[in-house]
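Below is one structure, written out as structure tokens; the observations come after it.
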Amino acid sequence: MKLRQTIGYQVIRDWLAENNRTPFDYQEEAWQLILSGSSGLVNAPTGYGKTFSVFLGALIQYINEHPETFRSKRPQALQLLWISPLRALAKDIGRAMEEALQALGIPWTVGIRNGDTPTSERQKQKRKSPEILIITPESLHLVLAQKGYPDFLKSLRLIAVDEWHELIGSKRGVLVELAMCRIAALRKEQETELSFSIVGISATIGNLEQAMEVLLSPLEQPGTIVRARLPKQTELISILPDEIEKYPWAGHLGLKLVEKIIPIIEASTTTLLFINTRGMSERWYQTILDVAPQLAGAIALHHGSIEQDLRLWVEDALHAGTLKCVVCTASLDLGVDFRPVETVIQVGSPKGVARFLQRAGRSGHQPGAVSRIYFLPTHSLELVEAAALKAAMDKEMIESREPFLLCYDVLIQYLSTLAISEGFNAEQAFREVRSTFCFREMTKAEWQQVLQFLVHGGQALQQYDEYKKVELIDGLYRITSRRVAMRHRMHIGTIVSDAMLKVKFVSGGYVGVIEEWFISRLEPGEVFTLAGRNLELVMIKDMTVLVRKSSSKKSIVPSWMGGRMPLSANLGQLLRHTLNEAGKAGPENIELYALAPLFELQNQLSQVPEENELLIEQIETKDGFHLYVYPFEGRLVHEAMAAILAYRISKIQPISFSFAMNDYGFELLSDQPIPVDDTNVYELFSTDNLFADIQRSVNSTEMAKRKFRDIAVIGGLLFQGYPGEHKKARHLQASASLLFKVFQEYEPDNLLMRQAYQEVFDQQMEETRLRNMLERIQQSRIILRFPEKLTPFCFPIKVDSKREQLSSESLEDRVRKMQLQLLK
DNA sequence: GACCTGCTGCGGTTTG
């Protein structure tokens, strides 16, 4: 069917024109895709109306099929399933859809199904289905856990998977894959003439083709990628210290440059200030108020440990334009389309090209407009990242998001889900599950193990009734216990969080959450900071921290245990490449030019490595003998490499080390000379016996034990407690360790155990990247240098390793003193 | 088990 000749097209085009909505260059292509009943992926920068285009495509299809009656007829059955990873966005999207439907006179209804949906509303949706349902991956699985779900889903014409780039690189993506394989199979059973499509909506990532393949895998037919053609332009402006020589060589906070951002904030209507960690965002917020008290009331704080209500208030105020600046963490990364801002500032390394561009894209939000982002380095060398990011934007070197493979924990959860609703047939389920990208390599034997596990709790746990959940009844695997079913429903999902304590005023009102280990260090009467307020600890009761407002000037800023996002491989490569120009760059290359004095000193003492070189520095200080290596591969790879290198050196001669590392390099420190020289250095970085050496040097069992906790929770082996129930994090960890031990002893090839080790290799050590690095080093020139004192390159690593012994004030003094000594 | 810089995201009931 030719799109332009259809009535649906006319109706929608007329309506868009009446409302002065600019058409997007890719829009008709997206509509044609949906109209032809095919599947695919729509890719465009934020602000290019991806969401709306796909929604309108569904309407065009409907109008075309009911040209006379589309304004009167009500299907009263689900037509469009809208999967969105963010609860908070559902209302915005739903409202926009409702407005359009009303304007067009199409009597469809929009429903929202997620954890916020009240029970009454859920029941209503079941009795009378809305035509559009906006849902999270988790809630979709809860639908699959309901009896009669096939009827509910049978009328579906289109599934839109919004923000697919966010989901694909996580286990939440696996939830989506599994739901797709079930729904696709349902639709095949129905033998209907009506088309059924899956359309992913994605920002740009390195592996867009693969992202589509993963999503559409169960359909067993190729898809089409629809791309916006208009390129997005981004401009990066570095915030430079006045005298680079005096700017700290180490550190992560960057507060020294606070004066420079005040004029930027004042000159723009709204500014987002992105900070890498929650703790540092609290300190930035406070500091800005200290140096610019006139901003009081016009500036707010937003991060993941602040109470939802407060965050919503901030988001609304941002939307309404009553705030001039929001200091935030990645909590404001998503939800872009509905909250545009004028200016964006990134403090410290964004760690990856994609994240940086996404944040930049929050400004200059209209198609064709230039996005502008300021970059504020937290130590001198970090300025190189600004230069590298500029190159990345030219070359469009955007990271890939690797899909997860063979997540048996998620599979076990999914099969339990089916077992409590309609039950499943083993043969059929095997075929369906194997049609997903995630499980296409699963063997029959592994599938049998999964079934065994569901029915008997596997080999190791078979004497415990608690782990026997599923029964085979008349050829179908089912869960009949209502108690088990209820527990399971409450555990659907793949996000396992640490136990947090709620923080609440004695007078009532919640402020946010804090981690157990942090608050247990404080005595009643001590003051800490949360959500920008100074709070005095009164007491801890029932997993709630009771506080009152404090006017004390002294306050402890909490830290939260977060993820450790390492520098991405792309950004690392670009950094190495950028260093080629160090010392040669002219004034047009602002960042490198500013860094010239630093590079000069580095060259004087040691050397600035080029792209095809690996620099190793050996320095003797009063602390002992240091060996510094600079692969620029991110701290996880460096952590593993440090352990492997230490092990390999110790085979030459007995010697013990302590380690330190950051995203640029790592340090080995010993009290005796380190035997690394021209004769053995290539061998020390060889890929030979890598696997064996990893096993001997890195404590992978301990790492796997940690990973296993999450796997056991997702796989339903560990019960986290009923909502509102108070279970300490310790207990969960303890029971996970116990299970781990049992498997280790009685069932070492258990699927979930193997998965834990696999996750350690893939995620904790980034094994592929480690191997690639060693192969690269073998092709490089290794440069050994013996500087007489610390160099600008090793300085930040050295400072980080000192940090544990010093408080932050004395650390700052110490850094200044060390730096001054070197400059003499 | 955490602190040494260290993010985000989700989630219950049922069947007359």
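Atom P of nucleotide B:dC3 and atom CD1 of A:I519 are separated by 17 Å, given to the nearest angstrom. If you take CD of A:E282 and C1' of B:dG6, they are 15 Å apart, rounded to a whole angstrom. Atom NZ of A:K126 is separated from atom C1' of B:dT13 by 11 Å (rounded to the nearest Å). Atom NZ of A:K171 and atom P of B:dG11 are 18 Å apart (whole Å). Between the CH2 atom of A:W560 and the C1' atom of B:dC7 there is a distance of 12 Å, given to the nearest Å. Between A:L738 atom CG and B:dG1 atom P the separation is 12 Å, expressed in whole Å.
Because its NZ or CZ atom is not both nearer than 6.0 Å to the ring centre of A:F404 and within 45° of the ring axis, A:K171 does not count as a cation-pi partner of that residue.
Among residues at least two apart or in separate chains, salt bridge (Lys or Arg N to Asp or Glu O under 4.0 Å) pairs with a member in residues 134-151 of chain A are A:E138-A:R172, A:D151-A:K154.
A:G115 comes within contact range of the sugar-phosphate backbone alone, with a heavy-atom separation under 4.0 Å but no base atom that close. Using a 4.0 Å heavy-atom cutoff across all strands shown, A:G562 reaches sugar-phosphate atoms only and no base atom. Note on A:N662: nothing from the nucleic acid sits closer than 4.0 angstrom, heavy atoms only. Counting non-hydrogen atoms under 4.0 angstrom, A:R311 reaches the backbone sugars and phosphates but no base. Looking at heavy-atom distances under 4.0 Å, A:Q123 makes contact with a base. Using a 4.0 Å heavy-atom cutoff across all strands shown, A:H303 reaches sugar-phosphate atoms only and no base atom. Nucleic acid contact for A:T277: base, since at least one base atom lies under 4.0 Å from a heavy atom of the residue. Residue-level contact check: A:K705 touches neither bases nor backbone, having no heavy atom under 4.0 Å from any strand. Within 4.0 Å (heavy atoms only), A:T378 reaches no atom of the nucleic acid at all. Residue contacts for A:L142: at a heavy-atom cut-off of 4.0 Å it reaches the sugar-phosphate backbone alone, with no base atom in range.
Under the 90° criterion around 0 for the glycosidic angle, B:dG12 counts as syn.
For A:K147 against B:dT14, no side-chain N or O and base N or O form a donor-acceptor pair under 3.5 Å. Residue A:R521 places a side-chain atom within donor-acceptor reach of the base of B:dC3, judged by atom type and a 3.5 Å distance cut-off alone.
Phosphate proximity of B:dG11 to A:T136: present, with a side-chain N or O under 4.0 Å from OP1 or OP2. The side chain of A:T329 contributes an N or O atom lying less than 4.0 Å from OP1 or OP2 of B:dT8. Note on A:S559: a side-chain N or O is less than 4.0 Å away from OP1 or OP2 of B:dG6. When the side-chain nitrogen and oxygen atoms of A:R487 are compared with OP1 and OP2 of B:dT13, none of them lie within a distance under 4.0 Å. OP1 or OP2 of B:dT15 lies within a sub-4.0 Å distance of a side-chain N or O belonging to A:R482. An OP1 or OP2 oxygen of B:dG11 is reached within less than 4.0 angstrom by a side-chain nitrogen or oxygen of A:S139. Using a 4.0 Å cut-off, some side-chain N or O of A:R122 falls inside it from OP1 or OP2 of B:dG12. At least one side-chain nitrogen or oxygen of A:R489 sits closer than 4.0 Å to the OP1 or OP2 atom of B:dT13. Using a 4.0 Å cut-off, no side-chain N or O of A:R706 falls inside it from OP1 or OP2 of B:dG1. Between A:R355 and B:dT8 there is no side-chain polar atom (N or O) within less than 4.0 angstrom of OP1 or OP2.
The gap from the P atom of B:dT8 to that of B:dG12 amounts to 22 Å, rounded to the nearest Å. One P atom belongs to B:dC10, the other to B:dG6, and the distance between them is 23 Å to the nearest Å.
Listed by chain and residue number, nothing satisfies the side chain to side chain donor-acceptor pair (under 3.5 Å) test with A:R401 (two or more places apart in sequence, or in another chain).
Considering only side-chain atoms of A:W517, the nucleotide from B:dG11, B:dA2, B:dG6 that sits closest is B:dA2. When distances are taken from the side chain of A:M490 to each of B:dG12, B:dG1, B:dG6, the shortest belongs to B:dG12.
Note on A:K91 versus A:D116: no salt bridge recorded, every NZ/NE/NH1/NH2 to OD/OE distance being 4.0 Å or above.
Remark: the backbone N or O of A:L253 is paired with a side-chain donor or acceptor of A:W284 at under 3.5 angstrom.
Taking the six-membered ring wherever Trp is involved, the centroid distance between the rings of A:F793 and A:Y630 falls below 6.0 Å.
One distance of note links CZ of A:R311 with NE2 of A:H302; it measures 5.0 Å at 0.5 Å rounding.
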